[in-house]
Amino acid sequence: MNNNTSLTPAAQKILDTASRLFYWRGIHAVGVESIASEAGVTKKTLYDRFGSKDQLIVAYLKERDRKWKEHLIPYLDAVEQGQPIDKILAVFDALESWLHSQNQRGCAFINALAELDELHPGRAVIIEEKKWLKELFGDLLEKTDHAEPAAAAEQLLMLHEGLMVTYSMKLFSSGVESVKETAAGIVRGRSNS
């Protein structure tokens, strides 16, 4: 499911290096010279493949989005059809695994959003990723016959995002289980049944 099959090996190496550096050091702290040097390519190669640092940032965010969705889908697929509440909770199971393996410095999208100005093209990628997750929650909630699926989807998104932010600060003691209990309460709290 890699959307980067059209990238040359050099471009893939640049993207992988930039992704690591942007995530761990911050977007503004990393220049194209550092990325090119660590990737073992010239700045010209970087610009030939991506056009600008801004477009490399967009590629980084799109790749991060792809990896998150690729990580999430098996968790959703493992839940039996007709079990939307369990699928909602599976999102938080996937998040727990993601936090341990891919998100030790917090949400890459939230971190990037804090660094990018209002007109940066990367902001659209970030906003679309968050909208996608909210819509996923909303679609699953509609299958539960929830009385207010749109409002509950927003609550679940806030819960999800809050967990990502507080995880990197080590501000919770009971882990994802308490978040899942809260999510289950949101889902079951306003059911039409």
Side-chain angles (χ1 to χ4, degrees), residues 1-4 7 11-41 46 49-50 52-76 89-134 136-137 155-180 182-183:
M1 187 175 161
N2 188 340
N3 292 340
N4 290 327
L7 290 180
Q12 188 63 58
K13 194 169 190 180
I14 292 165
L15 181 57
D16 293 344
T17 301
S19 295
R20 179 176 45 81
L21 294 174
F22 288 155
Y23 183 73
W24 287 104
R25 295 185 191 166
I27 289 171
H28 288 311
V30 176
V32 292
E33 285 184 23
S34 296
I35 296 167
S37 175
E38 289 207 28
V41 300
L46 185 150
R49 300 306 184 269
F50 292 96
S52 67
K53 181 179 177 184
D54 285 345
Q55 289 308 309
L56 182 55
I57 293 165
V58 168
Y60 154 64
L61 294 168
K62 286 181 177 180
E63 178 69 358
R64 188 80 178 185
D65 177 50
R66 183 196 64 76
K67 285 182 176 180
W68 161 244
K69 289 174 182 170
E70 192 173 79
H71 178 82
L72 173 62
I73 297 304
Y75 284 84
L76 297 174
L89 298 180
V91 173
F92 292 95
D93 290 333
L95 178 58
E96 182 175 31
S97 170
W98 181 257
L99 290 171
H100 293 302
S101 65
Q102 302 290 323
N103 236 52
Q104 299 90 350
R105 192 177 171 267
C107 176
F109 295 114
I110 299 301
N111 295 346
L113 190 69
E115 292 195 65
L116 301 178
D117 67 51
E118 288 293 320
L119 299 177
H120 194 283
R123 290 179 73 91
V125 178
I126 296 165
I127 292 165
E128 282 307 308
E129 191 276 336
K130 301 305 179 186
K131 281 183 183 177
W132 177 86
L133 187 57
K134 181 180 157 188
L136 174 66
F137 283 135
Q155 291 172 339
L156 290 171
L157 181 63
M158 287 186 283
L159 193 61
H160 183 274
E161 298 303 299
L163 176 59
M164 280 197 293
V165 171
T166 57
Y167 176 84
S168 63
M169 293 184 269
K170 300 183 182 8
L171 291 178
F172 64 88
S173 59
S174 57
V176 176
E177 286 308 310
S178 64
V179 171
K180 284 173 60 178
T182 303

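Numbering starts at 1 and runs along the sequence shown. Fair warning: this is a prediction, and the values are worked out from it, not measured in the lab.
Judged by distance alone, the side chain of R64 and the main-chain N or O of F109 form no donor-acceptor pair under 3.5 Å. For K130 (side chain) and L157 (main-chain N/O), no donor-acceptor pair under 3.5 Å exists by modelled atom type. Under the 3.5 Å distance criterion, the side-chain polar atoms of Y23 are matched with a main-chain donor or acceptor of R105.
Each of K62, K67, K69 was compared with D65 under the salt bridge (Lys or Arg N to Asp or Glu O under 4.0 Å) criterion, and only K69 meets it. Between V179 and the choices T166, L159, L156, the side chain to side chain contact (heavy atoms under 4.5 Å, CB included) rule is met once, by L159.
Here CD1 of I27 is found 4.5 Å from CG of L116. Values are rounded to the nearest 0.5 Å. Annotation: the span from K134 atom NZ to L136 atom CG amounts to 13.0 Å, rounded to 0.5 Å. Within the model, atoms CG of L15 and CG of L46 stand 10.0 Å from one another, a figure rounded to the nearest 0.5 Å. Of the inter-residue distances, the one linking R49 atom CZ with L7 atom CG reads 10.0 Å to the nearest 0.5 angstrom. Here Q12 contributes atom CD and S19 contributes atom OG; the two are 8.5 Å apart, rounded to the nearest 0.5 Å. Within the model, atoms CZ of F92 and OG of S97 stand 15.0 Å from one another, a figure rounded to the nearest 0.5 Å.
Within 6.0 Å of atom NZ in K53, more than 12 heavy atoms from other residues, nucleotides or ligands are found, so the atom counts as buried in its surroundings.
Comment: K131 engages E128 in a salt bridge, judged by a side-chain N to carboxylate O separation of less than 4.0 angstrom. A salt bridge links E38 with R20: at least one charged nitrogen is closer than 4.0 Å to a carboxylate oxygen.
The two atoms that bring A112 and L61 nearest to each other are CB-CD2, 3.9 Å, heavy atoms only. Taking every heavy atom of both residues into account, I126 and L113 meet most closely at CD1-N, 3.7 Å. Annotation for V58 and V125: closest pair CG1-CG2, 4.1 Å, computed over non-hydrogen atoms. Nearest heavy atom pair, residue L21 against residue V30, reads O-CG2, 3.6 Å. Of all non-hydrogen atoms in C107 and M164, the two that sit nearest each other are SG-CE, 3.7 Å. Among all heavy-atom pairs drawn from R66 and E63, the shortest one is NH2-OE2, 2.7 Å.
Side-chain polar atoms of E115 and N111 form no donor-acceptor pair below 3.5 angstrom.
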(request) Kindly indicate, with the supporting measurements, whether the criterion side-chain contact (heavy atoms from CB on, under 4.5 Å) is fulfilled by L163 and E96. (result) CA-CA 9 Å; L163 176 59; E96 182 175 31; over 6 Å; no
Next item on the list: I would like to know whether L56 and F22 meet side-chain contact (heavy atoms from CB on, under 4.5 Å); could you show each step before the answer?
Entry: CA-CA 10 Å; L56 182 55; F22 288 155; 4.2 Å; yes
- Query: For W68 and W132, what are the C-alpha separation, side-chain angles and deciding distance, and is it a side-chain contact (heavy atoms from CB on, under 4.5 Å)?
  - Reply: CA-CA 12 Å; W68 161 244; W132 177 86; 4.2 Å; yes
